[in-house]
Structure formats: structure tokens, C-alpha cells
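Report on one structure; see the data block that follows.
By convention in this document, chain letters (A, B, ...) are assigned in the order of the sequence lines, proteins followed by strands, and residues within each chain are numbered from 1.
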Protein chains: 2
Amino acid sequence: MALLSVLTPVLAVVLCLLIGFMLVKSREPGTTTSPSVGETKAGSKAEFRPWVDQDLQDNTEITANEKEDFIDWVESNDEDLPHVPYSPLRYPVETVLKRSQDFYTLMNQRRSVRFISPEPVPQEVIDNIIHTAGTAPSGAHTEPWTFVVVSDPEMKHRIRLIVEEEEKVNYHQRMGEKWVHDLAKLRTNWIKEYLDVAPYLVLIFKQTYGILPNGKKKTHYYNEISVSISCGILLAALQNAGLVTVTTTPLNCGPQLRLLLKRPANEKLLMLLPVGYPASDAIVPDLKRKALGDIMVHI
Amino acid sequence: MALLSVLTPVLAVVLCLLIGFMLVKSREPGTTTSPSVGETKAGSKAEFRPWVDQDLQDNTEITANEKEDFIDWVESNDEDLPHVPYSPLRYPVETVLKRSQDFYTLMNQRRSVRFISPEPVPQEVIDNIIHTAGTAPSGAHTEPWTFVVVSDPEMKHRIRLIVEEEEKVNYHQRMGEKWVHDLAKLRTNWIKEYLDVAPYLVLIFKQTYGILPNGKKKTHYYNEISVSISCGILLAALQNAGLVTVTTTPLNCGPQLRLLLKRPANEKLLMLLPVGYPASDAIVPDLKRKALGDIMVHI
């Protein structure tokens, strides 16, 4: 009995340390329930919500920071590839200057436009623009992007319903917080007419990992940065062709839209771009951009 | 005494739960030592390393996922701004098609080039290109980018020393893991001659937060995505002008380079781009890009 009363605190300590350790472990990424498990349970709306958040847990970029400190991007795959001479067109210096000025003028006319014309745009133009986006550099040349181009009216409408439902929830929550009563203003914020009207919706997915021939996952380092760079080139290509879009990141709808569009589990929605000509009565907020001196430092 | 022997296990349990709780808390982001505290201690090399990792903890994107579900990017600042008509140049459909083809052809010639010519490039060209990058869209129109353009030879060399030191460590660690003995091959990987040779080094910083007039921090949602998009437009502008670069992400050198370049604590290095004309004997790995059908799905 005396022995037991001495041992009890020791046992309690061991037990508690064990509990503490388990608590710590349970917070580590990778030990949480995987999205695919959540998906099978996603029957009712009530069960659906938590899965939405689980599926959004994407720590690929964080892992990248820890594991790969400096990446020359294509270097990993480079070593065994033959090298070829690179001698692109060389412009005279006046031409270089002129081209850099003209391209600035062109790109500076780009604006995010929510009023998109329903006029048709040839599919070949969109093909060229997506092809251009695909010329972006990517970490270890993984090219971790999928561009889903939706022109089917019914599919566009289903996307709109999903996005607006999420938007409505968001704005109501914000309204609750801010005690805003201007419903008319809020309404225009969560109604996304352009999702029906624009001839194309481009949904850009990042491939967070690939599957190796042996079935194992292969992390795509810097996949979000790579796909965002690709998106920058896509925006330049749209502007160059006289088309408009508005950059949107419907993150909470990502899992639902991924399922709707039948994309695999390694793909996460990064952006949704409605694409078309600007409507003839399009308006944009009178935003100004920072001056060059406010964004550039010369040393 | 009997009371004490009964109480001891209870006390032990309470104590251990407390320890467990503290362990859990200490793993939560936000409760770790802040980078600024670490910086003041960063005297010796030994003390410096842990701070390097602390400074890299950037969970801005994660916070964004949780707080802002769908962002129309400029919408937050839009509401109080006057709106103006937007009627850009409208091309005939044949021109749209031709322009989209030509831009693809131009961008598809872009390659990551490590062999950069020391020939001078007019500063005005670089100004135009940075100005073009600054036309990118950004979350809530925060324009969260700083482009540090380095042409001073001594500063370029100091950057090279920092980057190569980190690279050397990385490659030795990898060599240790992989039992690779081909030192010659590794050497070419960590030697970054272009950091001295290129007429310009462009270091792109993301501003992870801003400072409000009342001194409080203002989170820049989607700052990494925004700056990466801007970088995509910058790469397009370089290619358009006949200049080359190689996309590099020297993340572990970020804090040292930030201090060297005297950038404030809210800025984190995202990319380092050496910029110039390609060397006349430049070679590139014979990489292929995915076919359009492998990156695009049409619905």
C-alpha cells in the first residue's frame, strides 16, 4: 500500500506526459484526417463544412521553405539533360527601349473589369492565351498547373450558384460584425453576374503534388508561386489580345468547384478568371497605381 | 500525511496538464518569439541561424485562407471610390487572333538563362520593366511589392557571397544525404557567377503587412500570390525587351539580404532575378514544355 501511494504520482506523471505528447503530435500537419477521408463523409450540409476547411489545408509552400532553401527552379531536372545553344533575337538598344516603353503603356491600361460582354471570343484565342501561360517557369520544371476553361452555359451557372452561396454567407458574416445595414450595396458584392455572362470562365488549379511511377507522392515545391507567375503571364496575354478579366480567389469554394469540375485531389483551385471583351458600358473604380519611385529602389 | 499522499497524484496531474497545455500553446503560430526580438540578439553566427528560420515564418497566406474566403481583390477599397467608364482599344477579331498567336510565339522563346552578358543595359529599360510589373493586380489593391534593383558591383558581389555561402551548405547537406561524389558537378551548382556578371540583380520583396496611420499592422492578404503575379508580368516584360533572367528563390538568404539591402522587417525576399542580355555562348537545358492538351481542359 505504501509502495502504491509512492508509485501513484509517478504513474500519474507518466500518463500526463503521454497525454501531453499526444496533444502535441495531434497538432502536427500530416497527422490530421486527410481530405479524402472527409470527402466520403460529406453527405449533409452540416458535415460538409468542416471538410471544406480540411481540404484547404495546404502547407506545400511552408514545406518548401523548410526543405529547399535556394532553388534555381529548373536545376533539379537539369543535370542529366543535354544542353543546347540559346541565341534569341537580339534587338538594337533603341528598339529595346521602345519595346519596354510600349509594353508598359499596354499593360498599364489593364484593369480588373467586372462588366464583361457576352460577345463570343474564338476558342483559338483562348487556346493561345492558355498556351502562353504554360510558358511560365516553375519549380523543378514541374509545370504544376491545370487551366479549366468553361464555356458551357449550364456549367457556368452551376459555378455561379456555388460561388454566390459562399459569398452570401461571407457577406452576412461581415455584416454581422460591422452592423452594416446597406443591403443594396452588399447585394452587388455577392452577386456575380459575370459568371453567367462572360463567354469563358478560366479556373486555375495548382497541382500541389504529383504521383511518381511507384505510386508515391512527389511534392511540387513552390507550386503556388509557379502557378501565380503563370497567371501573371496569362493576364499579360489577355491584355495583349484586348480581353479583360477580374482576378478572383474563391478559396472556400475550391473543394466544391474541384468536385464539380472532376479535378483530382492533388489539385487546388487558386484563381477564377471570367474572360471576354469588356462590356460597352463597363466602369471601373478610379484607382491609382503607386509611382515608380514608391515600388523601386536602385542601389 | 495521509491527506498529502492523496493530494500528491492530483497535484502531479494538474502540473502535467499544465505542462502539456504549455507545450501545445508553444507550437501555435504567433506565440513564438517575434523576428524583431530575434534580430536584436543576432550578433554572432551561432545566434544568427535560429533567427534566420524565425524570420522566414510567414503565415500570411494561411491567415488569408481563414479570414477572407472570396476576394475580388480590389473590392475592399472600391466601395468609396468614384467609378469611371472603361473603354480600351478594341481590335477586330482577326487582330485578336493574330496578337494572341504572336504573343505566344514570343513568350514560348523565353528560357531561364544562367549565362548573362556583362554588356550594359540602359537603366531606363529596367525602369520601364519594373513599372510594368507594378501594373499587376493585388489583393485589396495593396500593391505589396518592392523591387530592389542592384547595379553597384560591390553590392552585387556581397549578394553573391551570401547566396553562395548558403548554397554551399545546402549542397553539402544534400551530398551527405545522397552520397554523391561528383564534386565537379556540385560545384557548378553552388557557384553563381551571374550574380557578379549580370548588369542588374532584381530582388523582389513581398510586403507581408503594412502599417496603418495609428501604428497598427495591416495584414496584406494574398501578398505572395500578388507579388508572384507581378513577377510573371515582369518576366513577360523582360522577354518582350529581349532580356533574360533565371527565376531563383533564395529563401534562406532572405533575412541576410534584407538586412544588407536595408529593407524593413515587413518585407520578405521572394525572388532574385539576375537581368541582362544573354551571353553570346549561352546554353540552356533541352527542356520541353507540356502540350496544350496536358495543361488545359475545356468544358
Side-chain angles (χ1 to χ4, degrees), chain A residues 5 8-9 12-13 16 20 23-24 69-71 73 78 81-84 86 91 96 99-101 103-104 107-108 125 128 130-132 134-135 137 143 147-150 155 170 225 228-229 231-233 236-237 240-242 247 249-250 252 282-286 290 292 295-299, chain B residues 5 8-9 12-13 16 20 23-24 69-71 73 78 81-84 86 91 96 99-100 103-104 107-108 125 128 130-132 134-135 137 143 147-150 152 155 170 225 228-229 231-233 236-237 240-242 247 249-250 252 282-286 290 292 295-299:
Chain A
S5 75
T8 311
V13 167
C16 291
L23 273 169
V24 170
D69 310 307
F70 182 100
I71 292 217
W73 285 51
D78 266 14
L81 280 174
H83 279 60
V84 290
Y86 181 72
Y91 307 113
V96 171
R99 287 181 68 91
S100 70
Q101 279 164 341
F103 196 67
Y104 166 68
M107 288 302 135
N108 195 35
V125 171
N128 288 336
I130 302 294
H131 216 169
T132 309
T135 67
E143 303 172 273
F147 301 89
V148 180
V149 176
V150 180
M155 187 58 93
N170 293 344
I225 295 176
S228 301
I229 289 175
C231 178
I233 295 176
N240 174 72
T247 314
T249 45
N252 257 18
I283 53 169
V284 293
D286 196 15
K290 287 181 183 171
L292 183 60
I295 64 170
M296 189 180 81
V297 177
H298 188 206
I299 296 174
Chain B
S5 75
T8 311
V13 168
C16 291
L23 273 169
V24 170
D69 310 308
F70 182 100
I71 291 216
W73 285 52
D78 266 15
L81 280 174
H83 279 60
V84 291
Y86 182 71
Y91 307 112
V96 171
R99 287 181 69 91
S100 69
F103 196 67
Y104 166 68
M107 288 301 135
N108 195 35
V125 171
N128 288 335
I130 303 294
H131 216 169
T132 308
T135 67
E143 302 173 273
F147 301 89
V148 180
V149 176
V150 180
D152 177 63
M155 188 59 93
N170 293 344
I225 295 176
S228 301
I229 290 176
C231 178
I233 295 176
N240 175 72
T247 313
T249 46
N252 257 18
I283 53 168
V284 292
D286 196 15
K290 287 182 183 171
L292 182 60
I295 65 169
M296 189 180 82
V297 177
H298 188 207
I299 296 174

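- With A:Arg99 contributing its side chain and B:Ala241 its backbone, the two residues share no donor-acceptor pair below 3.5 Å.
- Considering all non-hydrogen atoms of both residues, B:Ser100 and A:Thr132 come closest at O-OG1, 4.4 Å.
- Closest approach of B:Gly134 and A:Ile295 over heavy atoms only: CA-CD1, 3.9 Å.
- One finds the NE2 atom of A:His131 at 5.0 Å from the CG atom of B:Leu292 (value rounded to the nearest 0.5 Å).
- Of all non-hydrogen atoms in B:Gly232 and A:Ile233, the two that sit nearest each other are O-CG1, 3.3 Å.
- Residues A:Asn240 and B:Tyr91 share a closest heavy-atom pair of O-CE1, 3.8 Å.
- For the pair A:Val149 and B:His298, the tightest heavy-atom approach, listed with the atom from each and the gap, is O-CD2, 3.1 Å.
- Of the listed residues A:Gln101, A:Met155, A:Met296, A:Glu143, the one with more heavy-atom pairs under 4.5 angstrom with chain B than any other is A:Glu143.
- Counting only heavy atoms from C-beta outward, the side chains of B:Val284 and A:Val84 approach each other to under 4.5 Å.
- Residues A:Pro137 and B:Thr247 share a closest heavy-atom pair of CG-OG1, 3.5 Å.
- Note that the CG atom of B:Asn108 and the CG atom of A:Asn128 stand 11.0 Å from one another [nearest 0.5 Å].
- Residues satisfying the side-chain contact (heavy atoms from CB on, under 4.5 Å) criterion with A:Ile283, sequence neighbours excluded, are A:Phe115, B:His83.
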